[in-house]
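Below is one structure, written out as structure tokens; the observations come after it.
Note that ligands are numbered from 1 as they come in the structure, with each ligand's atoms numbered from 1 the same way.
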Amino acid sequence: MINRPHIIILGGGLIGLSCADSLITGGARVTLVEKQAQTGHGAGRYNSGMVHPSQAAPWLFKGDKLSATKLVLKLAQRSSDLLQNRRHQLGCLDKNRSAGSLQLFDSIFAGQTVFESSNDLGIAVDIYRGAWGFQRYGLHYLNDISGDAFHYCQRLTEDLIERGCHIQYGQNAALNTAQNQCHGIEIDGQIIHSDHVIVACGAQSAEFLNAYGINLPVSAMKGHALSFERPVGISLPEIPIMHWDSRSALTVFENEVRLSGTIGEDNPDALLDIWEEIAPDIVNAFADPVVRWSADRPASKLGRPIIGQTPLSNLWVNSGHGHMGWSLCAASGGLMSQMILDGKAAPEFALPL
Ligand SMILES: Cc1cc2nc3c(=O)[nH]c(=O)nc-3n(C[C@H](O)[C@H](O)[C@H](O)COP(=O)(O)OP(=O)(O)OC[C@H]3O[C@@H](n4cnc5c(N)ncnc54)[C@H](O)[C@@H]3O)c2cc1C
């Protein structure tokens, strides 16, 4: 590329970093601005670690759920393959980790309904046969995978820097706009010009864009995590275990066991009450949590992420991945790069203007 476009990305979470990755591969120069002192400390820091196309159905969405699910499923399946490849290249694939995830249900009827709809969508799913002794109806999703999202953010950040990405930390940027165009950002009284700016600020994207009169239908959906040292002497599941009713999960990582997720709970300790009932042998073997954490998922009111142009020319948004950001990050970054560098249209992900 003779004239390499300069692109500024606001937000160094899973989505901002993945945009940077694809844009640099496509030949762009990238400056990434992260308002915290490190990348990867947003909603992905202690997430459940599942790359789970099986969970593409939107939460808390009252529109055409089936169409939204099909759209997100397709993006997640593509993203899962891309991500696996990138994790392999970056040396952060955990070779001891088995593929798959298990979802447990309080009601057999709810489980059977999800089984039927998963089959209809072509998701590879089996009925749970009782491994690890959970006393519930369950579904085993064969093609989901898992891994530590924060470790990936760290490795990807190192790789991006090696490939020339400029990262500025701990700063709040404002947009530099004139005549309905975005010309770059203003930071510490200095203007940095760019050809394009991408807002990938997770759950804070809506508030950020609102200051420029742009309405982004994304709201914050709180989730929590408790992290424990791996207990010894008990059998731990090799794949993540989800609980449908509480929208939470138990995930065994290399050095920790994490309870995470929930919807509508104020406090991470709710996770202990939920999982004490589902997996008493594991929970009773835990010492005190080493981490208690809460974060806001960027939940789109459209039931799918919003990836596209804003009403200000040269200003783009990539947000609203809800409970699916780790599952969708690689393909979302790729799509953004194709839109900006190759002019690819993807109206199915557009911000309604
Ligand atoms: C408890 C929990 C469990 C989850 N489990 C899973 C899972 O198993 N699988 C899955 O696929 N997804 C999961 N998710 C969802 C996933 O983690 C999110 O969808 C994803 O992190 C969103 O990525 P993001 O980059 O949009 O936002 P974030 O990761 O929140 O990153 C946004 C970044 O932007 C920065 N920022 C904000 N404002 C500005 C600004 N003005 N300027 C510069 N930077 C700014 C923030 O500091 C942050 O670093 C889970 C989330 C939670 C909370």
Item to complete: Show which atoms of ligand 1 fall inside a sub-4.0 Å distance from at least one heavy-atom site of His224.
Response: 1 (C)

Item to complete: Just let me know how Phe208 lines up against ligand 1, side chain, backbone, both or neither, with a heavy-atom cut-off below 4.0 Å.
Response: side chain

Worksheet item: Can you tell me the protein heavy atom closest to atom 27 (O) of ligand 1 and the distance?
Response: Gly202 CA, 3.3 Å

Discussion item. Can a side-chain donor-acceptor contact be found between Thr39 and Thr157 if the only test is distance below 3.5 angstrom?
Written reply: yes

Discussion item. Could you identify the single nearest non-hydrogen protein atom to atom 5 (N) of ligand 1 and state the distance to 0.1 Å?
Written reply: Ser48 N, 3.1 Å

Worksheet item: What is the nearest protein non-hydrogen atom to atom 47 (O) of ligand 1, stated with its residue, atom name and distance?
Response: Glu34 OE2, 2.6 Å

Discussion item. Between Tyr141 and Gln103, is there a side-chain donor-acceptor contact under 3.5 Å, judged purely by atom types and distance?
Written reply: yes

Worksheet item: Looking just at side-chain N and O atoms, do Gln154 and His151 make a donor-acceptor pair shorter than 3.5 Å?
Response: no

Item to complete: Using a strict cut-off of 4.0 Å, indicate which atoms of ligand 1 neighbour a heavy atom of Gly13.
Response: 25 (O), 29 (O), 31 (O), 33 (C)

Worksheet item: For ligand 1, is any non-hydrogen atom under 4.0 Å from His323's backbone (N, CA, C, O), its side chain (CB onward), both, or neither?
Response: backbone

Discussion item. Under 4.0 Å, heavy-atom basis, I'd like to know which part of Arg45 is in contact with ligand 1: side chain, backbone, both or neither.
Written reply: neither

Fill in: Proximal atoms of ligand 1 relative to His52 (non-hydrogen, under 4.0 Å)
7 (C), 8 (O), 9 (N), 10 (C), 11 (O)

Worksheet item: Looking at Ile282 and Ile234, what are the two nearest heavy atoms and their distance?
Response: CA-CD1, 3.7 Å

Item to complete: Before signing off on this row, confirm whether Ile15 and ligand 1 have an N or O atom pair separated by under 3.5 Å.
Response: yes

Discussion item. One thing to verify: whether Arg136 and Glu277 come together as a salt bridge, which I'm taking to mean a side-chain N less than 4.0 angstrom from a carboxylate O.
Written reply: yes

Discussion item. For Gln181, I'd like to know if atom CD has over 12 heavy atoms of other residues, nucleotides or ligands within 6.0 Å.
Written reply: yes

Worksheet item: Is the closest side-chain donor-acceptor distance between Glu207 and Gln204 under 3.5 Å?
Response: no

Compile the donor-acceptor pairs under 3.5 Å between side chains in residues 195-203 and protein atoms, sequence neighbours left out, one pair per line.
unit_1 : atom_1 : unit_2 : atom_2 : d
Asp195 : OD2    : His6   : N      : 2.7
His196 : ND1    : Trp316 : NE1    : 3.0

Worksheet item: Where's the contact between Met324 and ligand 1, heavy-atom distance under 4.0 Å: side chain, backbone, both or neither?
Response: backbone

Worksheet item: Of the listed options (Pro305, Ala149, Gly322), which comes nearest to atom 18 (C) of ligand 1 when hydrogens are ignored and any heavy atom counts?
Response: Gly322

Response to the item:
Per-atom filter on ligand 1: closer than 4.0 angstrom to a heavy atom of Arg297 are 51 (C), 52 (C), 53 (C)

Worksheet item: Which residue and non-hydrogen atom of the protein lie closest to atom 34 (O) of ligand 1, and at what distance in Å?
Response: Gly11 CA, 3.3 Å

Worksheet item: What atoms in ligand 1 come closer than 4.0 Å to a heavy atom of Ala200?
Response: 32 (C), 34 (O)

Practice prompt. Measure Lys35 to ligand 1 on non-hydrogen atoms and call it side chain, backbone, both or neither using the 4.0 Å cut-off.
Written response: both

Discussion item. Between Arg163 and Thr25, do the side chains contain a donor N or O and an acceptor N or O under 3.5 Å apart?
Written reply: yes

Discussion item. Please confirm whether Ser319 approaches ligand 1 to less than 4.0 Å, judged on its heavy atoms.
Written reply: no

Practice prompt. Report the member of Ser327, Gly261, Ala43, Gly333 with the shortest heavy-atom distance to atom 28 (P) of ligand 1.
Written response: Ala43

Worksheet item: Is the shortest distance from a heavy atom of Ala173 to ligand 1 less than 4.0 Å?
Response: no

Practice prompt. Out of Lys222, Met242, Met50, indicate the one that has the non-hydrogen atom closest to atom 8 (O) of ligand 1.
Written response: Met50

Discussion item. If the test is side-chain contact (heavy atoms from CB on, under 4.5 Å), which one of Ser227, Pro237, Pro231 qualifies with Val257?
Written reply: Pro231

Practice prompt. Report yes if some N/O of Gly325 lies less than 3.5 Å from some N/O of ligand 1; otherwise report no.
Written response: yes

Worksheet item: Would a line drawn from the ring center of Trp59 to the ring center of His323 be shorter than 6.0 Å?
Response: yes

Practice prompt. Go through the steps to decide whether Met242 and His52 satisfy the test side-chain contact (heavy atoms from CB on, under 4.5 Å), and finish with yes or no.
Written response: CA-CA 11 Å; Met242 292 177 266; His52 49 15; 4.3 Å; yes

Worksheet item: What do we get for Cys329 next to ligand 1 when only non-hydrogen atoms under 4.0 Å count, side chain, backbone, both or neither?
Response: neither

Discussion item. Is a donor from one side chain sitting under 3.5 angstrom from an acceptor on the other, for Thr251 and Ser48?
Written reply: no

Worksheet item: How close does the nearest protein non-hydrogen atom get to atom 40 (C) of ligand 1, and which residue and atom is it?
Response: Cys201 SG, 3.6 Å

Worksheet item: Any N or O on Trp326 sitting closer than 3.5 Å to an N or O of ligand 1?
Response: yes

Discussion item. With respect to Asp296, determine whether any N or O atom, backbone or side chain, lies less than 3.5 Å from an N or O atom of ligand 1.
Written reply: no

Worksheet entry | Pairing of Asp269 and Arg292 as salt bridge, 4.0 angstrom limit | yes

Discussion item. Show me which atoms of ligand 1 lie under 4.0 Å from any heavy atom of Gln36.
Written reply: 47 (O)

Could you pull out every donor-acceptor pair under 3.5 Å between side chains of residues 107-133 and any protein atom, sequence neighbours left out?
unit_1 : atom_1 : unit_2 : atom_2 : d
Ser107 : OG     : Phe109 : N      : 3.3
Ser107 : OG     : Ala110 : N      : 2.9
Thr113 : OG1    : Phe109 : O      : 2.8
Ser117 : OG     : Thr113 : O      : 3.2
Ser117 : OG     : Val114 : O      : 3.2
Ser118 : OG     : Val114 : O      : 2.8
Tyr128 : OH     : Ala131 : O      : 2.4
Tyr128 : OH     : Phe134 : N      : 3.0

Worksheet, complete the sentence: Note: Ser332 and Asn318 closest approach over all heavy atoms is O-ND2, 3.2 Å

Worksheet item: Under 4.0 Å from any heavy atom of Gly44, which atoms of ligand 1 are there?
Response: 17 (O), 21 (O), 29 (O)

Response to the item:
If you compare Asn47, Thr39, Val33 by their heavy atoms, the one closest to atom 2 (C) of ligand 1 turns out to be Asn47

